[in-house]
Amino acid sequence: MNVIACYFVATTAVLLLLVHPNNVVDSFVLPSRPRVTTSNRYKDRGASRNDHSTNRHYQLHEKTREWPSPKEVREINLSLSDEETQQSLDYLATLIQTHLDNAIATIETATETAANENSIRDNPAIALAKHRFIDLTTSLKGELILENLFSLLPPPEDLRLVQQAIMALQSLLVYAMQIGVKGTEESQKKMVRHLFRRDDPTPPPPGKAAWITNWDSEDIRRLKFYRDGELGKRVLAALKRRRTAVGAYELLLEMGVWHKFEEVSLLRSGFPVRFWEEEEKCSLEAENNNHDPDTILGIRQDLRHHKVYTIDSHSTQDIDDGISVEVLDKLSNSNSHEHRLRYWIHIADVDRWAPRESKLAKVAERRGSSLYLPSMTLGMFPRNMASDVMALTSNADKYALSLGVELHHDGSIDAGSIIVAPSLIHVDYRLTYDQVDEMLDEGVGYTEEWEVGALLSVATKRREHRVGRGSTEGFVPCPIPKSFLTVTNDDENEGSYNIELKIETTHNSGSNITAGRMEGGSATHYDPYASPLSSSQLIVTEMMILAGEAIGKWHGLQPVQEDVSSTGPFQLPNVLRLPYRRQPAPDYKTRAEDARQADFLFGMNKLYPHAWYCRRFFKPVTVSEEPGPHFGMGLDCYVQWSSPIRRLTDLKVHSAIKRYLRRKRVNEILLNKMHIPPEITSIDLGCDVSYLHFNAEAPMSKPKVVDPIDYSSGLGMIFAARPIQLSSTNFWLFEYVRRKVDGQETEVMFESIILGCVNQERFQYAVYVYELGLEHRYLSEVGKLEEGQRLWLKVASVNPRLELLTFSLASKSGGIHHSHSSSQ
């Protein structure tokens with residue numbers, strides 16, 4: 001049963017409850033979020049939310065006495081008069097005020113009310129409110145509070161007023177989500193355009209939405225896309241509160257529905273907050289699925305004899321890549337003992353568990369990617385799949401899609417050596433970045449675990465190869481670091497959070513520069529806070545980039561079989577299309593003056609200003625099925641496929657490659673006039689082959705394509721992920737700053753450097769704050785400043801919820817940093 005069907009059944013049950021006696025309503029369990037602290041009573045509530053039953057019939061108002069079947073009508077026009085609408089809003093306002101007046105008692109009894117089998121029988125409003133607030137709060141606790149508002153007082157006889165009140169409460173929540181949103185109405189619409197669907201109905205006038213009988217995830221999406229806060233404003237007016245998004249936000253805080261650290265940008269985005277029970281069931285079904293077309297066709301290779309390493313951060317659970325080194329024969333024309341090496345990149349075979357058109361694949365399509373926020377991680381797949389079944393966990397046999405490749409002495413790929421195959425591997429070592437660095441520092445990586453040293457050697461060679469071809473690592477040798485925040489629950493104070501900040505260069509760019517000297521040079525680079533790029537990160541970064549280039553080169557060598565032969569044994573058409581990421585080289589000729597300025601900044605050792613200035617040369621990356629160079633990576637071609645647990649497009653690439661390999665094997669079977677194994681389906685191959693199970697020579701001009709892979713579909717949620725992550729990061733970073741400066745009697749200063757001028761007339765500059773790993777805007781109080789000039793700045797104002805942070809000159813030395821003023 002898919003998600004929409006799941007909603008359909010649940011809502012149908014509720015409606016039958018209200019019309020027919022002796023019907024049982026089964027409510028779906030929504031697991032609580034693991035990283036949001038709640039009391040035990042709410043943690044225990046999750047398992048009892050399907051215990052409600054009723055056998056009582058409720059007579060509806062005269063105008064809506066006959067409930068329509070959801071199969072016939074999804075929307076009901078409540079046809080309320082203005083007076084009735086106001087009565088509904090007053091009813092909701094009374095519920096909210098009752099909750100506020102008895103907040104502690106209400107929360108204490110919320111579990112009892114929801115768990116009581118007679119609650120729906122005694123109050124039909126509870127049944128109407130059930131599951132209407134999913135994804136409108138990040139915690140199960142908040143959802144329970146909203147649902148149980150309708151248990152506080154007897155409902156009106158006219159249940160249309162209850163329905164209108166529920167819609168008004170939804171409107172209030174959506175209105176509160178707009179807090180901190182900046183820009184015109186048109187720009188705000190663009191922020192949620194990823195929620196638009198061409199087949200959506202015309203949005204109703206503000207405050208005039210119809211009642212949806214079988215509420216589902218698509219209705220949640222439309223609710224957030226329309227952003228209709230009209231009824232929510234009227235609720236605020238009824239409660240005599242400010243009719244603003246801030247007023248709505250403050251009300252929800254008082255009610256305990258949201259907490260002061262609520263991820264509002266996440267709620268606003270429409271990204272699913274948690275997995276539904278039916279989605280969790282899909283993952284359990286997939287775990288027990290024994291259908292493996294790659295094994296059936298004999299194309300899955302057994303590579304369990306390889307010593308496979310996975311290298312990730314300590315907290316990573318969805319491990320989707322591993323690497324190994326295979327020793328081949330001795331090098332030809334060599335008098336040494338040196339042998340040829342084949343480097344393997346093993347990527348988790350997610351398609352094995354979430355094949356095309358499967359229920360679990362639909363779960364991933366609804367999200368598009370995993371979402372990594374400082375306070376939480378929202379996976380593309382349920383946790384048991386992402387961190388266990390699919391993941392390349394250690395000391396276990398795992399399914400993978402493996403690529404083996406040999407390199408020339410200069411680090412370039414030997415295209416003829418590339419092997420791509422579904423595989424079965426055994427992960428020997430699950431290592432962290434720190435452990436690998438320690439192995440290399442202590443020499444273990446060159447003796448007992450010599451493969452680690454070999455991987456570092458080839459990674460270094462690959463980096464040099466790409467830099468020699470003009471990659472950004474050479475063009476911008478010292479990229480500006482970024483802050484990475486980790487937010488965890490404070491075990492000693494419920495509802496509080498600890499914030500840990502670390503400053504790092506991005507893993508796929510930059511030279512290994514420390515706070516001392518630059519590699520290969522005498523210039524001094526200054527940054528007392530940023531961590532250097534480690535050897536372990538270099539290994540992982542370069543091996544994944546190698547995988548992306550190698551799959552593209554392998555693709556270019558594959559035969560294209562587009563037409564079905566009219567003579568001889570029947571053959572399936574076999575064409576592989578992949579999404580190449582392409583980036584053109586900068587146009588220096590038409591920007592000669594800018595190029596000279598960039599050279600000047602680099603020559604003056606103003607490395608961060610140089611990195612900031614060089615961004616203007618970079619052209620956007622595009623995706624095309626036509627191969628092309630990627631300037632930023634210094635590659636002839638590049639296909640991203642190394643994170644199928646986290647990115648939907650990577651999973652699609654896996655599916656396309658495996659279908660191609662399967663069709664290739666099927667054509668070999670047909671060439672030998674044999675029958676295709678009956679277990680192989682048309683979905684497995686991407687074309688209709690049902691007739692070939694019975695006749696290997698069935699005449700047909702061209703098989704029908706089944707389930708074509710569209711790399712452009714589902715990109716909306718993927719593109720939306722970045723703004724969510726940026727907004728969440730800003731919130732927690734500004735909260736970190738607020739904590740640092742609040743209550744301090746002495747001035748808190750931050751060492752900063754001028755990156756460049758943004759607006760000459762206003763003396764607005766881009767600055768980098770070393771201690772925060774933050775690029776920001778600063779309006780100079782002293783007029784013109786120079787690139788590379790260092791300042792002491794203090795916080796003038798900070799509001800994390802509104803994402804506002806301003807700086808002014810610190811009093812120390814007038815804010816001017818006199819040491820190292822000419823260099824970093």
Side-chain angles (χ1 to χ4, degrees), residues 303-316 319 321-331 334-346 392-396 402 404-411 425-467 473 477 481 502-522 525 527 530-547:
L303 301 179
R304 286 177 291 180
H305 58 285
H306 285 209
K307 183 192 289 186
V308 178
Y309 301 88
T310 64
I311 306 174
D312 272 290
S313 62
H314 178 74
S315 60
T316 301
I319 303 171
D321 57 81
I323 46 184
S324 63
V325 182
E326 180 184 11
V327 179
L328 303 177
D329 56 312
K330 186 177 178 181
L331 286 173
S334 175
N335 295 323
S336 67
H337 296 287
E338 189 176 359
H339 288 73
R340 289 171 49 224
L341 299 179
R342 178 180 290 142
Y343 303 95
W344 287 89
I345 299 97
H346 311 278
L392 301 185
T393 52
S394 59
N395 300 316
S402 298
V405 60
E406 297 176 52
L407 302 177
H408 297 300
H409 286 292
D410 63 353
I425 65 172
H426 186 90
V427 178
D428 296 272
Y429 294 100
R430 191 270 194 245
L431 301 174
T432 65
Y433 291 112
D434 291 340
Q435 287 173 334
V436 172
D437 288 333
E438 184 179 333
M439 291 170 65
L440 293 167
D441 290 341
E442 295 181 355
V444 177
Y446 302 99
T447 53
E448 295 99 314
E449 304 298 333
W450 64 267
E451 294 92 342
V452 175
L455 288 168
L456 176 59
S457 177
V458 75
T460 304
K461 185 180 292 185
R462 283 287 299 171
R463 175 62 61 91
E464 293 171 353
H465 169 72
R466 294 194 303 106
V467 167
E473 289 87 355
K502 188 175 182 180
I503 302 170
E504 298 177 347
T505 54
T506 53
H507 293 175
N508 64 341
S509 62
S511 301
N512 191 1
I513 301 176
T514 67
R517 295 185 177 275
M518 289 182 58
E519 290 182 347
S522 59
H525 170 72
D527 190 334
S531 302
L533 186 67
S534 72
S535 297
S536 57
Q537 292 169 347
L538 180 66
I539 291 173
V540 174
T541 297
E542 288 301 327
M543 294 306 290
M544 295 308 110
I545 294 176
L546 172 63

Legend entry - The single option from L538, D321, L455, I311 passing side chain to side chain contact (heavy atoms under 4.5 Å, CB included) against M543: L455
Legend entry - Over 12 non-hydrogen atoms of neighbours within 6.0 angstrom of NZ in K307: yes
Inset, instruction - Tell me, yes or no, whether the heavy-atom count around H314 atom NE2, taken from other residues, nucleotides or ligands under 6.0 Å, exceeds 12. - result: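 No, not enclosed.
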Interatomic distance, [X] atom [atom1] to [Y] atom [atom2] [nearest 0.5 angstrom]:
X    : Y    : atom1 : atom2 : answer
M439 : Y446 : CE    : OH    : 10.5 Å
H305 : S324 : NE2   : OG    : 8.5 Å
R463 : I539 : CZ    : CD1   : 11.5 Å
S535 : L440 : OG    : CG    : 5.5 Å
T310 : I319 : OG1   : CD1   : 4.5 Å

Inset, instruction - Determine whether the side chains of Y309 and E449 contain a donor N or O and an acceptor N or O closer than 3.5 Å. - result: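 Judged by distance alone, the side chains do pair up.
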Any non-hydrogen side-chain atom of [X] less than 4.5 Å from a side-chain atom of [Y]?
X    : Y    : answer
M544 : I323 : yes
V325 : Y343 : yes
V308 : L392 : no

What closest approach, in Å, do [X] and [Y] show between heavy atoms, and which atom pair accounts for it?
X    : Y    : value
K502 : S531 : CE-OG, 3.9 Å
E406 : L341 : CG-O, 3.6 Å
K461 : H408 : CD-O, 4.2 Å
V540 : Y433 : CG2-CE2, 3.9 Å
N395 : D428 : OD1-O, 4.1 Å
P481 : I503 : CB-CG2, 3.6 Å

Inset, instruction - Say whether, by atom type as modelled, one donor and one acceptor occur between the side chain of S457 and the main chain of G453 under 3.5 angstrom. - result: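 No: the side chain of S457 does not pair with the backbone of G453.
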Inset, instruction - Would you mind telling me which of R466, H465, Q537, R462 makes a side-chain hydrogen bond (donor to acceptor under 3.5 Å, both in side chains) with E542? - result: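 The side-chain hydrogen bond (donor to acceptor under 3.5 Å, both in side chains) with E542 is passed solely by R466 among R466, H465, Q537, R462.
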Legend entry - Which residues share a side-chain contact (heavy atoms from CB on, under 4.5 Å) with S394, sequence neighbours left out: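 Expected list: V427, R430.
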